Amino acid sequence: MTLVPEFQTSPGMRDILPPESARWQQFVHVFAQVSESAGYGQVISPLLEDLGVFQRIGDATDVVTKEMYDFVDKGGRHVALRPELTASVCRAFVQHRPLTPWKVWYTGSQFRYEKPQRGRYRQFDQVGIEVLGADDPYLDVEIIALGWAFFRALGLSKVTLLLNSLGEPADRARYVDALRAHFEANLIELSEASQQTLLKNPLRVLDSKRLEDAALIATAPRIAEYYSPEAAAHFAAVQAGLHALNIPFTVDAKLVRGLDYYRHTTFEYQGGTLESAQNALGGGGRYDGLVESLGGPATAGVGFALGLDRTLIACDDEGVFASPATDVDVFVVDTTGGLEALLLTNQLRAAGISADRAFENRSMKSQMKVADRSGATFAVIIGSNELDAGAVVVRPMRTGDTADSTLSGQSTIPRTELIEYLQKALS
Ligand code: HAM
């Protein structure tokens, strides 16, 4: 009978173990390369902020009203674990007043008290970018294109792009009134759950996937009919920019997204394979106005965030972006007590050669077994004869299909020449 451990991860929270963790690291590395190639610098902000920072996301969103991990700390401050990073980045902008446009990228864990399922967790990771202080539709295109390039860099080919515009705040307000009137006039045709949503946020009714709501959503007024000339021009320029870059997209008038702060452009990247509710790999849009609501000057803002967890599921489903190899170059086998392995691994690592070893002074046979498992290219063996002679035996571990003579047989090498020998053989 296997014992169930007394402590396990909380629901919706996971340990990411090697080798999967190496894949996470590589994911962030690729995202950093894509962002930094476009002049974005990394912002690292706290996991915890004053609750008020996140309340500015809007009080009609579940993220704020139902899913926040908030508590009063020992100093009596009402704080929350961040559910997303856009509000934190805006808070940082107001606090530090950097030069604009401020172009930043980020990575890290977010916390939302949601019902856990595949692709939906209570602690999940995002990578994302935000730009503050530039109101230009081609900037919207730049960031959408960076996300697109990132998916391509991972090897994903089934991601699709949905695009919408929510217009200017006044357009959006008029549209929300029209939507509310439309749904209220036909209230009995709406599901119970959507009737509740209507009270808080009529836009979100458009998100309903319930069959009984479909007919009423299909006949609902369209946001495009409410755009001001400026909003229409902004949206047209975004579409023209995407066409110019050959990025395929579908305009989806129902794409309102879960957060309240969006104005003008909104977009979502969808995976090809996940279940529909968790199919959004990432999304974003413009949020002109969020900085002001956090006490800063009127500042344009645009950005997106991608879910690391969901994007990796999409990678698995498409069979791309496997865990990178984390094997060491050299495994040191020491049968003289272990001190030589301590010295040698230290020396090798200092010379830029990755090295591991066995502990607890095991037998030669058992150490060689571990060396085999380690995936190292070479075993470096020190027995008492080698120690006396000031030498080591270098044994290639992957002799399978190589024509390289250094990899085909074992050699005895003077200790003083070992580093040079290995550097050459590994290059
Ligand atoms: P969001 O749509 O709430 O947007 O989240 C972005 C992505 O984070 C989602 O598409 C999804 O991949 C991932 N995600 C969200 N919740 C979960 C969860 N419970 N489990 C796993 N993954 C999840 C934002 O967070 C905005 N801050 C994006 C943004 C940036 N807008 C402008 N700038």
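Just so it is clear, the model here is predicted, and its values are computed rather than measured. Order of appearance sets the numbers: ligands from 1, and atoms from 1 within every ligand.
Salt bridge Glu268/Arg257: present, at least one basic N to carboxylate O contact under 4.0 Å. Taking a cutoff of 4.0 Å between a charged side-chain nitrogen and a carboxylate oxygen, Arg222 and Glu225 do not qualify as a salt bridge.
In this structure, a donor-acceptor pair under 3.5 Å is present between the side chains of Glu130 and Tyr106. With 3.5 Å as the limit, one finds no donor-acceptor pair spanning the side chains of Asp140 and His264. Residues Ser194 and Ser191 have side chains that bring a donor and an acceptor to within less than 3.5 angstrom of each other. Ser228 and Asp171 share a side-chain donor-acceptor pair at under 3.5 Å. Side-chain contact annotation: Ser88 with Glu49, donor-acceptor N/O pair under 3.5 Å present.
When the heavy-atom distances from atom 4 (O) of ligand 1 to Arg310, Arg286, Arg257, Glu114 are ranked, the shortest goes to Arg257. Across Phe124, Tyr287, Tyr261, Tyr106, heavy-atom proximity to atom 22 (N) of ligand 1 is greatest for Phe124. The closest non-hydrogen atom to atom 29 (C) of ligand 1, taken over Phe111, Phe267, Tyr262, comes from Tyr262. By heavy-atom distance, the residue among Arg120, Gln126, Glu67, Gln117 lying nearest atom 7 (C) of ligand 1 is Gln126.
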Item to complete: Decide yes or no on ring pair (Phe, Tyr, Trp, His ring centres under 6.0 Å) for Phe71 and His78, but give the supporting numbers first.
Response: CA-CA 6 Å; Phe71 60 95; His78 200 161; 8.3 Å; no
Discussion item. Could you go through Asp260 and Arg204, starting from their C-alpha distance and side-chain angles, then the distance that decides it, and tell me whether this counts as salt bridge (charged side-chain N to carboxylate O under 4.0 Å, His left out)?
Written reply: CA-CA 10 Å; Asp260 277 346; Arg204 295 288 288 172; over 6 Å; no
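Within the 4.5 Å cutoff, side-chain heavy atoms of Asn164 are placed close to those of Ile223.
When each atom of ligand 1 is checked for a heavy atom of Gly119 under 4.0 Å away, the hits are 20 (N), 21 (C), 22 (N). For ligand 1, the atoms sitting less than 4.0 Å from at least one non-hydrogen atom of Glu130 are 30 (C), 32 (C), 33 (N), numbered in the order shown with element in parentheses. Atoms of ligand 1 lying under 4.0 Å from at least one heavy atom of Thr86, given by number and element, are 26 (C), 27 (N), 29 (C), 30 (C), 31 (N), 32 (C), 33 (N). For ligand 1, the atoms closer than 4.0 angstrom to any heavy atom of Leu259 are 3 (O), 4 (O), 24 (C), 26 (C). If you number the atoms of ligand 1 from 1 as listed, the ones under 4.0 Å from a heavy atom of Gly282 come out as 10 (O). If you number the atoms of ligand 1 from 1 as listed, the ones under 4.0 Å from a heavy atom of Gly283 come out as 28 (C), 29 (C). Atoms of ligand 1 lying under 4.0 Å from at least one heavy atom of Ala305, given by number and element, are 6 (C), 7 (C), 28 (C), 29 (C), 30 (C). Set against the non-hydrogen atoms of Leu281, the atoms of ligand 1 under 4.0 Å away are 10 (O), 12 (O).
With hydrogens left out, the protein atom closest to atom 13 (C) of ligand 1 is Gly307 CA, 3.6 Å, a heavy atom. Taking atom 9 (C) of ligand 1 as the reference point, the nearest protein heavy-atom neighbour is Ala280 O, 4.0 Å. Atom 32 (C) of ligand 1 has as its closest protein heavy atom Gly303 O, 3.2 Å. The nearest heavy-atom contact from the protein to atom 20 (N) of ligand 1 is Tyr121 N, 2.9 Å. When only non-hydrogen protein atoms are considered, atom 27 (N) of ligand 1 lies nearest to Glu84 OE1, 2.5 Å.
In this structure, Gly128 has no heavy atom closer than 4.0 Å to ligand 1.
For the side chain to side chain contact (heavy atoms under 4.5 Å, CB included) with Tyr261, the qualifying choice from Thr86, Asp288, Thr61 is Thr86, the only one to do so.
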